[in-house]
Amino acid sequence: DFHSIFAARMHDLGSPVHSKRFFDAVFDGFGSRARVTLIRKGTTPVGGLLAITHNDVITVPWASCLPEYFSLCPNMLLYWETIRAACLAGYGRFDFGRSTRDSGTYRFKRQWGALESPLYWYSITKDREGDQPARESATAAGLVGLWKRLPLSVTRRLGPHVRRYLIQ
């Protein structure tokens, strides 16, 4: 259920999705330290996140909700329940994961009282000096638009193959 929600949302955002095998590998590698929280409306899964724990920290690297349920704010319940469970389990810190400053996800996390901690990114390109990373180019914007117009079933099959060639 988590992967279906995540794949649909990544399609909406124009981003190739990780494969189910990728998430299986996360669970194989982290074992009981990886967990999924799902939010349902009745029996329909509408939001989910995958959290990873280490020492006294719980981190959320992947979370998604279906846009047709945004008016019900499932993301609020999703994070509330995850934070509540983390507190009950004795975790000392909740890491919301990364986001771009002043983006929608950044503002969402700040409203929970999250404190900003800078992450430093370095890119090593094998192309000419001065080339822009793909995510900043006009070509990338066109590809994002194209990806959004492809059928979800196609992007679910192609996404994991395309994703390995993208700058992370």
Side-chain angles (χ1 to χ4, degrees), residues 1-53 58-75 77-79 82 95-109 119-168:
D1 287 339
F2 167 75
H3 190 266
S4 293
I5 295 165
F6 186 71
R9 189 64 184 131
M10 291 301 99
H11 175 260
D12 292 343
L13 296 171
S15 181
V17 70
H18 290 294
S19 67
K20 283 184 180 180
R21 275 194 341 218
F22 172 83
F23 290 110
D24 288 342
V26 169
F27 281 100
D28 289 345
F30 287 93
S32 64
R33 294 185 300 126
R35 55 196 68 187
V36 169
T37 303
L38 288 173
I39 297 299
R40 300 177 188 274
K41 180 171 184 344
T43 59
T44 304
V46 300
L49 64 71
L50 194 157
I52 298 171
T53 65
I58 185 165
T59 301
V60 178
W62 301 284
S64 294
C65 292
L66 296 175
E68 57 267 35
Y69 295 95
F70 280 3
S71 64
L72 300 174
C73 301
N75 55 338
L77 182 58
L78 183 62
Y79 276 87
T82 304
D95 179 350
F96 280 89
R98 67 180 178 87
S99 53
T100 302
R101 183 177 282 156
D102 297 323
S103 67
T105 54
Y106 176 90
R107 289 187 299 274
F108 172 79
K109 294 167 185 181
L119 294 174
Y120 300 96
W121 295 83
Y122 300 93
S123 295
I124 300 171
T125 62
K126 54 186 170 184
D127 297 328
R128 292 170 276 129
E129 188 176 321
D131 282 355
Q132 293 296 311
R135 67 177 155 269
E136 296 176 15
S137 72
T139 303
L143 292 172
V144 165
L146 173 66
W147 195 262
K148 290 178 178 183
R149 288 190 298 277
L150 292 172
L152 177 59
S153 60
V154 171
T155 63
R156 286 182 75 159
R157 273 194 311 277
L158 291 179
H161 302 290
V162 171
R163 187 161 189 87
R164 72 178 68 153
Y165 298 104
L166 300 177
I167 295 172
Q168 300 293 317

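This structure is a prediction, so every number in the text was calculated from the model and none was measured.
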Can you name the closest pair of heavy atoms from [X] and [Y] and give their distance?
X	Y	answer
Lys109	Arg98	NZ-O, 3.0 Å
Ala51	Pro61	CA-CD, 4.4 Å
Pro16	Gly14	CD-O, 4.1 Å

Subject >> Donor-acceptor under 3.5 Å (His11 side chain, Leu150 main chain) >> reply: yes

I need the [X] [atom1] to [Y] [atom2] distance, nearest 0.5 Å.
X	Y	atom1	atom2	answer
Ser64	Leu13	OG	CG	7.5 Å
Ser153	Leu158	OG	CG	9.5 Å
Cys73	Tyr79	SG	OH	14.0 Å
Leu50	Leu38	CG	CG	10.0 Å
Trp147	Asp12	CH2	CG	13.5 Å

Test side chain to side chain contact (heavy atoms under 4.5 Å, CB included) applied to [X] - qualifying residues, sequence neighbours left out:
X	value
Val144	Lys148
Asp24	none
His3	Ala7, Val17, Lys20, Phe23, Arg156
Pro74	Ile39, Val46, Cys65, Tyr69, Leu72

Would you please name every residue forming a salt bridge (Lys or Arg N to Asp or Glu O under 4.0 Å) with [X], sequence neighbours left out?
X	value
Arg35	none
Arg21	none
Arg40	Asp1

Subject >> Set of residues satisfying side-chain hydrogen bond (donor to acceptor under 3.5 Å, both in side chains) with respect to Thr82, sequence neighbours excluded >> reply: Thr37

Original post:
Which residues satisfy the side-chain hydrogen bond (donor to acceptor under 3.5 Å, both in side chains) test with Thr105, sequence neighbours excluded?
Top reply: Ser103

Subject >> Where at least one partner belongs to residues 42-53, residue pairs that pass salt bridge (charged side-chain N to carboxylate O under 4.0 Å, His left out), sequence neighbours excluded >> reply: none

Original post:
For Phe30, what residues pass the ring-ring contact (aromatic ring centres under 6.0 Å, His included) criterion, not counting sequence neighbours?
Top reply: none

Subject >> Any side-chain heavy-atom pair of Ile52 and Trp62 under 4.5 Å >> reply: yes

